[in-house]
Structures are given as C-alpha cells and as structure tokens.
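Everything below concerns the one structure shown next.
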Number of protein chains: 2
Amino acid sequence: MRSSYQDIKADVLNRIRQNIWPPGANLPGEIELAEEFGCARATVNRAMRELVDEGILERKRKAGTRVKSFPTRKARFTIPLIREEIESTGAAYRYALVDREVIAVPGWLSAQVKIPRNGQVLHLRCMHFASNKPYQLEDRWINLTAIPKAEKQDFEVIGPNEWLVREVPFSEADLSFSATSATQEIADFLDQKEGDAVFTAERTTWLDEDNITHARLYFSQGYKMTTKL
Amino acid sequence: MRSSYQDIKADVLNRIRQNIWPPGANLPGEIELAEEFGCARATVNRAMRELVDEGILERKRKAGTRVKSFPTRKARFTIPLIREEIESTGAAYRYALVDREVIAVPGWLSAQVKIPRNGQVLHLRCMHFASNKPYQLEDRWINLTAIPKAEKQDFEVIGPNEWLVREVPFSEADLSFSATSATQEIADFLDQKEGDAVFTAERTTWLDEDNITHARLYFSQGYKMTTKL
DNA sequence: TGCTAGAATAAATATAGACATAAGAAAAAG
DNA sequence: CTTTTTCTTATGTCTATATTTATTCTAGCA
C-alpha cells in the first residue's frame, strides 16, 4: 500500500473528523499502525510528531497517543518585514525617519528590560507608508550597550527593523498584540482622530541575556492581522 | 562526538549568531555536516528541517541550504479555550448566555461565507467573565445546515466554543485580529465606554467545503495576546 | 494500607543504507 | 547562439533496526 507520512497524516485526520477516533480516544501504537499502513515505524512516527506539533494529538511515553480532548490548535503568524508586507499588496512602500536621539535609558524601559541603569539607548521614531498613506508608526529603542554600531547608522534611508534583522542576530523575542487608544500625537502621525482604536504590537528582542531592542508598532486604522490554521 | 539533532540545531544557531554563517550564506551539505558532527545524515536532516520550520534557514534541492537573508521568524499562538485561559491566571471563570435566536442567514454573513441563501443559522451572544469582571463578548453564528444538532443545544451552561471544539471537528479556520471601536452596545457588555479600543478576534471555521461557524470575539480593555519566538 | 523498587512498555531518538525528486549545470542539437 | 536534453547533485523521503528514556504498572516490602 506504500503510504507516505503525509498520507498517514491525512488518514488520521480523516478518522478524527469521522469520529472513528473521537476526542480523548487512545489510538493504536506505532508498531500496530505501521503494520496497518504497510510502512516503517519511523514513517508513522513522523506523521504523529507533526500532528502533535499541530496540536491535534497528545503523546506520552508508555501511555500512548491520544486525540486531544480539547484540540487547541496552534496558529502560526509569519512576522513579515513591513516593506514586504506592503509591497505584497501591490502598494508602494515609503519609509521616513521622524526623529532620532541618543538618550539615557528611560526608567520605564530599564525596568522592563535588562539594560544597565546608566546605559544609553538610541530612540527612533519612523513612519511606514503604503502608497503614501500612513501604515505604521514605529517607536523603537535600541540598546547601544549591546549594539554600539547602531549609533553610526543614520536610519534615514533604511528602517531600523530592516537594519536590525539583517545585521543583528537574535535568540529570542517577546511579542504582544493589543488594542490601544490613539493619543493626539499618534493620531496625528497615522492621520486619525484622537481616541481612535489602534492595533498595537510590542516587541522585545534578546540575544542570549542581553536586551537588544524594544519596539512599539502602531498600525493605522483598518489593519488586520490574519492567518489560517 | 555523538551529537543529537538538538545539539546540531543549537550549534547551527550559534554559528549564525556568531556570523560564521552570515545571512544569505550557503552552508555545507548534509553529508559533510554529518561527518563533522559525527552522526547520520538523517539526524542532520531533522535538525535542518526544524530550522527551516522556524524560519531560520531556506533549503532547495540541488541548490543546498542557506541562512535566510531576512529571517522572518514564525510566531506561534496557541488559541486556548477561554475557560482555560482565564483559569490559568487564577481567576474564576463564569459563562453566561446573553441571547439565542434561530434566524435566516443575514446577507453580510452569506456573502462572507458559503451558506445556502435560504439556510438558517443559530445566532448566540455570550459573555465570559474572569472573577466576575467582563472578559470577552462572544458573537457567534452557527450554520444549522451543516450542524443541525446545534439547534438542540441550549448553550445555557456550556459555551458554544467549548461545545463546538468538543463535538464538531474542523479542517480549517481563518483567524484575524484587529482593533475596533466599541459601539454603545459592546461597551455596555464589557463595562467600558463607547468608542474605547477593543481587541477583536474574528474566526471562521470550515469542515472541508462547509462553513461551520463564524465568531467575533470582543475582549475587554487591557487584553494582550502574547507569545515568544 | 501505603510506599518503593523494579519490570514492562510506548514513544523518542539515532543509524546506515536506499531510492525519489527537483533543479542547477553541462552537453548536445538545432 | 539559443534551445533542448541529459547528467549530476543535494535534499526529501522511506526502511529496518537498535538504543534510550519517561511512565505506568506491579509485586514485594514495611
């Protein structure tokens, strides 16, 4: 019958959909399934591992494999470069630096992230436009203790996000999304009214133990982050 | 040296961080790496596949493996059951059905999703509370043509999300997140003011070709969706 | 009864070898 | 010189087998 791991995945999913294996059900062991599908155990194993990864199954050694009773699936978002995100819609991308300053770490930032108390940060504000309409306001702090070479960049032509992604590798990042009310200032930048709902992303990036950068991204009205799962 | 696939992943990541393999660089073939790490090709292969999955590497047959020049990493969100999400914070979860009606498919909905024009839908509005404070307003439509048994459920005790997740398997779902302004009605439910920024999730769920359900979830002020990557 | 040490088991990982497949590179044909 | 065909190569997948590890189960002991 020669089943590939993809066939097996599809087959298992079908059986779950048809309630042959209802939520919570224990499914046969790998050896048994391998015999049924006429393939090696490793092939079954790969199929199962991927289904675990997708949040469909649970596995425990000795206990076996079961269908998750509450299948909390996992959504994946690709965090794209803004330029690519905009250009993929067919719109023209334009970048502009609003202001740039080197300052001592503000208190709220040093509290939130591990930057030496007397360290310096590069604070940037930038606008990203799609076909000349405001798309995103980027409010970014770069830790100059960790990335001293950032001070030499003027960021007039290339945005900090793009520069960082290309120049500075990172190990971890925290991301959060929320809805905030536009302050007068933010509203001005985004061409909206004060108090308007703004989709806001916050991102902190680390290289091992060092905080590299922190950014707040304010998206203009109508922005939707979408995915499939 | 006996390396596991996890060691190899870590090692490759380190070399990328140390700019031994800068963005865009071609890395050695699997056989070569297997020799270097003193392991089988399959082990290297698994490490590499996972790094591709995480958005660090790109691979092409014949062309080989390279470090992505713009490493757009992939964030993963686990979409939890609200009850679990709330209980995990230590708060008490409470559910309440606000209203329930069986109606003909509204125009905007039938346009958006594939439901027969004269089909019926079950429209529900529910509240989810965390320690008696409003947490989420759920505005849900269930396609009764696809899921007739939903009509027999009263949804007084168990929420539609929880019921659907347990009773109805699905194949695909579209998800989107945005920031919207609270209407007077939504504000009342969430104990906020009209015009406040509301984090909104919209979800459409499919089983093969049939639309099963569509939901809009309005989160109360201060909600943040977070993840690591 | 309750606890613990050990046996049993299923998944997790690793290996060497094989064939399949996509796509770049080189050779042949026009 | 361009197009087409063939060759080559690196990854993709699969197999059969072995070892390791986390857990459950059980039997023996206090």
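Below, chains carry the letters A, B, ... as their sequence lines are ordered, and counting in each starts from 1.
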If you check the B/R46 side chain, which of D/dT24, C/dT13, C/dT15 turns out closest?
C/dT13
Does C/dA12 have OP1 or OP2 under 4.0 Å away from a side-chain N or O of A/R59?
yes
Quick one: list whatever passes side chain to side chain donor-acceptor pair (under 3.5 Å) with B/N211, sequence neighbours left out.
none
Atom CD1 of A/I31 to atom P of D/dT15: distance rounded to whole Å?
15 Å
Specify whether A/H128 and A/Y95 have parallel, tilted or perpendicular ring planes, treating 30° as the upper limit for parallel and 60° as the lower limit for perpendicular.
tilted
Indicate, with yes or no, if the rings of A/F177 and B/F77 have centres closer together than 6.0 Å.
yes
So which nucleotide from C/dA11, C/dG24, C/dT15 ends up closest to the side chain of A/T65?
C/dA11
It should be established whether B/N45 places a side-chain nitrogen or oxygen under 4.0 Å from OP1 or OP2 of nucleotide D/dT13.
no
Of all residues at least two apart in sequence or in a different chain, which pass the salt bridge (Lys or Arg N to Asp or Glu O under 4.0 Å) check with B/D53?
A/R76
Look at the rings of A/F199 and B/F199 and say which category their plane angle falls in: under 30° parallel, 30 to 60° tilted, over 60° perpendicular.
parallel
Looking only at C/dT13, D/dT13, D/dT15, the nucleotide nearest the B/S4 side chain is C/dT13
Nucleotide N/O to protein N/O under 3.5 Å, stretch nucleotides 18-22 of chain C:
from	atom 1	to	atom 2	distance (Å)
C/dA18	N6	B/R41	NH2	3.3
C/dT21	O3'	B/R61	NH1	3.3
C/dA22	O4'	B/R61	NH1	3.1

Can you check the A/N26 CG to D/dT23 P distance for me, whole Å?
16 Å
Counting only N and O atoms by type, is there a donor-acceptor contact under 3.5 Å from the side chain of B/D210 to the main-chain atoms of B/I212?
no
Could you work out which one of C/dA11, D/dT13, C/dA14 sits closest to the side chain of B/T43?
C/dA14
Round to a whole Å and report the spacing from CD of B/E35 to P of D/dA10.
12 Å
Considering only side-chain heavy atoms of A/R49, which listed nucleotide, C/dT13, D/dT13, C/dT15, is closest?
C/dT13
Would you kindly compare A/A42 and A/G64 by the position of their nearest DNA chain C nucleotide and give the one closer to the 5′ end?
A/G64
Could you check how far OH of A/Y5 sits from C1' of D/dT15, rounded to whole Å?
16 Å
Would you please indicate if the ring centroids of B/F170 and B/W206 are separated by under 6.0 Å?
no
